[in-house]
Amino acid sequence: MKYADLHAHTTESDGTYTPVQLVKEAIVRGLSAIAIVDHDSVGAIPEALKEAEETSCEVIPGIELTAQQDSQEVHILGYFLDYQQEALLDKLKLLQQNRVKRVYKIVENLKELGVGLNPQTVFDISGLGTVGRMHIARALVKDGWVDSTSEAFRKYIGDKSPAYVLGFCFSPAQAIKLIRNVGGVAVLAHPFILNSDELIAEFAHCGLQGLEVYYPEHSQSQVNFYLDLAKKLDLLVTGGSDFHGSAKPEIKLGAIKIPLELVEKLRQAKR
Ligand code: AMP
Ligand code: FE
Ligand code: FE
Ligand code: ZN
């Protein structure tokens, strides 16, 4: 049987593998396809596509857009999108600039908690890619404020922690629309993070096409629940590991993999 992992990050956002390293790792792990879904960025895609040429592994162009609704982050995955369209790239630039501002706000909050982090430490870690909380977590480890990135999230920057800042530009409906406008298939990432499952039906009405049912943090009963919900709402089923390299060392590429036939259904949804 052939398998795909439809959720991987690179150094273009908060992963630690370069696009080329990620493709090599996918081949070593025997995956027939991987989707690169960096946060608010498509920067890794050209290099990864080139690396995957004439190999056993297909690279699926993708993205993970961060939206917000009802004071919570909602992550919308886009697959098979026309990643070179100006309409998309212009919007992504805005989202990326907004993320830089958000880092300064989170650093301000940390300061009030007695944690003196220099924003430049964060930007040195993120490099040219999209900056986010994972880079802040790594900066906190580097400067010795915490022992691990998971401690950084627990203590300071997790969704319910004291230095957290929301402040994203899009609603889920807008993110879904942006993905579909550039020919992508819109899928809700890791639905377990939502405060309410009722939102999923709402997103389906806004054009959502799929649900990331298979995910490392989903229990078997959650998988069953979301499979059932996907059926009811006529949504496609996807899955992936949310690979971040050494930023999330316990998750290996392909830790969650799905049969290639589910990828074919996604591909058909684009047509
Ligand atoms: P951001 O897009 O800046 O809000 O950061 C979201 C990213 O932070 C996610 O993609 C994960 O990589 C990471 N993250 C969020 N919450 C946690 C957590 N509790 N533990 C570890 N990583 C997390
Ligand atoms: Fe991430
Ligand atoms: Fe996510
Ligand atoms: Zn992700």
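The structure displayed is predicted, hence computed values, not measured ones. Note that ligands are numbered from 1 as they come in the structure, with each ligand's atoms numbered from 1 the same way.
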Query - Atom indices of ligand 1 within 4.0 angstrom of G132 heavy atoms, with elements - result: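 The list of qualifying atoms is 3 (O).
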
Query raised in the report: Relative to the heavy atoms of E73, which atoms of ligand 1 are at a distance of less than 4.0 Å?
Result: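 Close to E73: 4 (O).
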
Should [X] and [Y] count as an ion pair when the cut-off is N to O under 4.0 Å?
X    : Y    : value
D159 : R133 : yes
K270 : D82  : yes
R267 : E264 : yes
R29  : E25  : yes
E108 : R102 : no

Requested in this report: Could you confirm whether H7 has any N/O/S atom lying under 2.8 Å from the Fe ion (ligand 3)?
Outcome: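 Not a single backbone or side-chain N, O or S atom of H7 is under 2.8 Å from the Fe ion (ligand 3).
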
Report task. Examine H75 and say whether one of its N/O/S atoms is closer to the Fe ion (ligand 3) than 2.8 Å. Result ->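 Here the distance criterion (N, O or S atom, under 2.8 Å) is met by H75, so yes.
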
Query - Closest approach to the Fe ion (ligand 2) by D14, given as the N, O or S atom name - result: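 Result: OD2.
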
List the closest protein heavy-atom neighbour of [atom]: residue, atom name, distance to the nearest 0.1 Å.
atom                    : value
atom 12 (O) of ligand 1 : H244 NE2, 2.9 Å
atom 18 (C) of ligand 1 : F153 CG, 3.5 Å
atom 7 (C) of ligand 1  : D14 OD2, 3.7 Å

Requested in this report: Test H39 against every option in D14, T66, T130 by the side chain to side chain donor-acceptor pair (under 3.5 Å) rule and name the one that passes.
Outcome: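 Passing option: D14.
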
Report task. Out of H7, K248, R99, R133, indicate the one that has the non-hydrogen atom closest to atom 11 (C) of ligand 1. Result ->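 Checking each option, the heavy atom nearest atom 11 (C) of ligand 1 is found in K248.
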
Report task. Flag H39 as yes when one of its N or O atoms lies below 3.5 Å from any N or O atom of ligand 1, and as no otherwise. Result ->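 Checking ligand 1 against H39, an N or O pair does fall under 3.5 Å apart.
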
Query raised in the report: From the Fe ion (ligand 2) out to just under 2.8 Å, does an N/O/S atom of D242 turn up?
Result: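 Not a single backbone or side-chain N, O or S atom of D242 is under 2.8 Å from the Fe ion (ligand 2).
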
Query raised in the report: Any N/O/S atom, backbone or side chain, of H9 lying under 2.8 Å from the Fe ion (ligand 2)?
Result: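 Short answer: no, not a single N, O or S atom is under the cut-off.
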
Query raised in the report: When the aromatic ring centroids of H9 and F243 are compared, is their separation below 6.0 Å?
Result: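 Centroid separation for H9 and F243: 6.0 Å or greater.
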
Requested in this report: Among the N/O/S atoms of E64, select the one at the shortest distance from the Fe ion (ligand 3) and name it.
Outcome: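 Of all N, O or S atoms belonging to E64, OE2 is the one nearest the Fe ion (ligand 3).
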
Query raised in the report: Are the side chain of S196 and the backbone of E198 linked by a donor-acceptor contact shorter than 3.5 Å?
Result: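 Yes, S196 side chain to E198 backbone: donor-acceptor pair under 3.5 Å.
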
Query raised in the report: Short question: side chain of S41, backbone of D38 - any donor-acceptor pair under 3.5 Å?
Result: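 It does not hold such a pair.
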
**Report entry** Sub-4.0 Å heavy-atom contact, R102 with ligand 1
**Finding:**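 The answer is yes: ligand 1 sits under 4.0 Å from a heavy atom of R102.
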
